[in-house]
K.L.:
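Quick one: structure below, then a few questions.
Atoms within each ligand, like the ligands themselves, are counted from 1 in listed order. Please read all numbers here as calculations on a predicted model, not as lab measurements. Worth knowing before you read on, the calculation uses all heavy atoms, side chains too, and leaves out hydrogens, waters and symmetry mates.
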Amino acid sequence: MLILVVNAGSSSLKYQLLNMDDESVLAKGNCDRIGIDGHVSHKTADGRSIDADCEFPTHTEAFQKLVEVLTTGDAAVIESMDEISAVGHRIVQGAEVFDRPCLVTPEIIDQIDDLRELAPVHNHAHALALRACTAVIPATTPQVVVFDTAFHQTMPPKAYMYGLPYEDYEKYHVRKYGFHGTSHRFVSAALAEAMGRKIEDLKIVSCHLGNGSSITAVKGGKCVDTSMGFTPLDGVLMGTRCGAIDPSAVTYVADKHGFTPDEMSQYMNKKSGFLGVSGVSSDNRDLTAAAEHGNQRAKLAQDILAYEIQKYIGSYAAAMNGVDAVLFTGGIGENSWEVRESVCENMDFFGIKIDRELNRQSRGKLVKLSTPDAAVEVWVVPTNEELLIARDTLAVISK
Ligand code: AMP
């Protein structure tokens with residue numbers, strides 16, 4: 001059974017075609033630069049590929065290209081879209097409306113679009129992609145939406161409410177939503193399996209560290225707190241996002257620069273974080289290289305990240321009254337031994353102790369890093385959001 005997984009942004013349409021009989025990926029790619037000029041990159045599992053410029057004025061043309069590369073030409077993997085049993089879409093913001101995956105209907109697309117105020121960069125693009133997909137794929141192919149925020153809907157009010165007047169929550173839905181939920185759900189379940197324990201019995205701190213980073217406290221398989229908030233700007237320092245700062249610093253800096261609210265938002269989302277602190281790059285690899293050459297600000301940016309993660313581990317140990325395991329995932333969490341080493345240093349009070357050599361050798365693979373005498377297990381767990389979206393999609397259409 002074939003499932004197509006789509007991750008649409010405002011200018012891109014990333015996709016994977018999975019064979020759910022063995023959960024293998026048949027092909028993946030990206031229809032990029034929608035509304036600008038257009039480019040498709042497509043790769044099949046057996047090594048065939050397409051890399052070409054095209055015209056994508058809207059998501060509809062991008063979807064048409066996606067269908068074209070899957071079904072025709074040298075890198076085709078199917079003959080017709082009828083072979084695909086369902087399409088699963090990643091949706092960033094489901095707010096309090098969606099706490100689980102569901103089948104797509106025109107009303108559901110409108111509801112996702114209506115949430116765009118809460119996720120200006122993402123939700124409207126998702127709605128455009130859903131409408132484009134509906135127009136292009138066979139009418140008989142079901143579509144399913146899987147929400148990044150859904151996993152975090154189990155947080156108690158004391159974790160998701162802000163200290164603003166309550167009316168702002170009631171009227172404007174201002175609260176912590178959390179993001180990366182599909183990843184946190186996937187890796188925490190994979191970790192429980194690797195540990196040979198029931199997830200219901202575990203207290204896990206899940207560190208998803210990439211261009212965007214979030215830390216989640218997972219108790220008994222459910223999210224009890226998470227570092228991202230109303231938007232994905234909250235929490236730890238990221239590639240270009242500042243993470244949590246004193247709200248008064250926001251109004252002060254906006255005033256000093258003469259920024260409008262939108263400009264200040266851009267400043268905190270696109271010009272801050274690794275990039276802003278280091279002045280070098282938003283990419284962790286560039287920071288590591290610069291730090292090795294003695295760049296103090298690059299080192300500072302990485303030190304801030306490691307320190308903030310340590311504090312999240314401490315606070316989530318308090319929130320869960322204990323912690324059994326800490327896991328690292330995402331581009332940085334899976335690959336950067338340097339960041340993992342810094343996070344795990346001086347954490348013996350919490351029972352965290354890792355095998356330094358093993359950590360240095362570990363990249364992108366499921367592995368336990370903690371020493372046998374450590375009270376808390378530390379693992380690298382590769383994430384696979386597309387696979388979980390495909391599994392969720394299959395579960396919804398099988399009901
Ligand atoms: P993601 O958003 O999950 O794709 O992660 C992107 C981040 O992962 C970037 O900051 C990269 O520098 C970082 N990253 C990817 N591969 C490596 C690597 N081999 N070593 C260190 N950092 C890496």
K.L.:
Could you tell me whether a side-chain N or O of Ser183 sits under 3.5 Å from a main-chain N or O of His180, the two making a donor and an acceptor?
P.N.:
no
K.L.:
What about Leu209: any of its N or O atoms under 3.5 Å from an N or O on ligand 1?
P.N.:
no
K.L.:
Indicate the atoms forming the closest heavy-atom contact of Val378 with Cys344, along with that distance.
P.N.:
CG1-SG, 4.2 Å
K.L.:
When you measure from atom 7 (C) of ligand 1 to every protein heavy atom, which one gives the shortest distance, and what is it?
P.N.:
Ile332 CG1, 3.7 Å
K.L.:
Return the closest protein heavy atom for atom 17 (C) of ligand 1 as residue, atom name and distance.
P.N.:
Asn335 CB, 3.4 Å
K.L.:
How about Met1: does its CE atom have over 12 heavy atoms from other parts shown lying under 6.0 Å from it?
P.N.:
no
K.L.:
Does NZ or CZ of Arg175 lie under 6.0 Å from the centre of the six-membered ring of Tyr169, at an angle within 45° of the ring axis?
P.N.:
no
K.L.:
What I want to find out is whether Lys311 reaches Glu308 closely enough, with some N-O distance under 4.0 Å, to be called a salt bridge.
P.N.:
no
K.L.:
Which residue and non-hydrogen atom of the protein lie closest to atom 22 (N) of ligand 1, and at what distance in Å?
P.N.:
Asn284 ND2, 3.1 Å
K.L.:
Looking only at heavy atoms of Arg363, does any of them come nearer than 4.0 Å to an atom of ligand 1?
P.N.:
yes
K.L.:
If you measure from each non-hydrogen atom of Glu338 to ligand 1, which part falls under 4.0 Å: side chain, backbone, both or neither?
P.N.:
neither
K.L.:
Parallel, tilted or perpendicular: which fits the ring planes of His184 and His152, with parallel below 30° and perpendicular above 60°?
P.N.:
perpendicular
K.L.:
I want to know if ligand 1 touches Ser336 in the polar sense, i.e. an N/O pair below 3.5 angstrom.
P.N.:
no
K.L.:
Is the number of heavy atoms from other residues, nucleotides or ligands within 6.0 Å of CZ (Arg100) greater than 12?
P.N.:
no
K.L.:
Could you identify the single nearest non-hydrogen protein atom to atom 3 (O) of ligand 1 and state the distance to 0.1 Å?
P.N.:
Gly331 N, 2.8 Å
K.L.:
Over 60° means perpendicular and under 30° means parallel, so classify the ring planes of Phe147 and Phe98, tilted if in between.
P.N.:
parallel
K.L.:
Around atom 11 (C) of ligand 1, find the nearest protein heavy atom and jot down its residue, atom name and distance.
P.N.:
Asp283 OD1, 3.5 Å
K.L.:
With heavy atoms of Gly210 as the reference, note each atom of ligand 1 found under 4.0 Å away.
P.N.:
1 (P), 2 (O), 3 (O), 5 (O)
K.L.:
Considering both backbone and side-chain atoms of Asn211, is one of its nitrogen or oxygen atoms within less than 3.5 Å of a nitrogen or oxygen in ligand 1?
P.N.:
yes
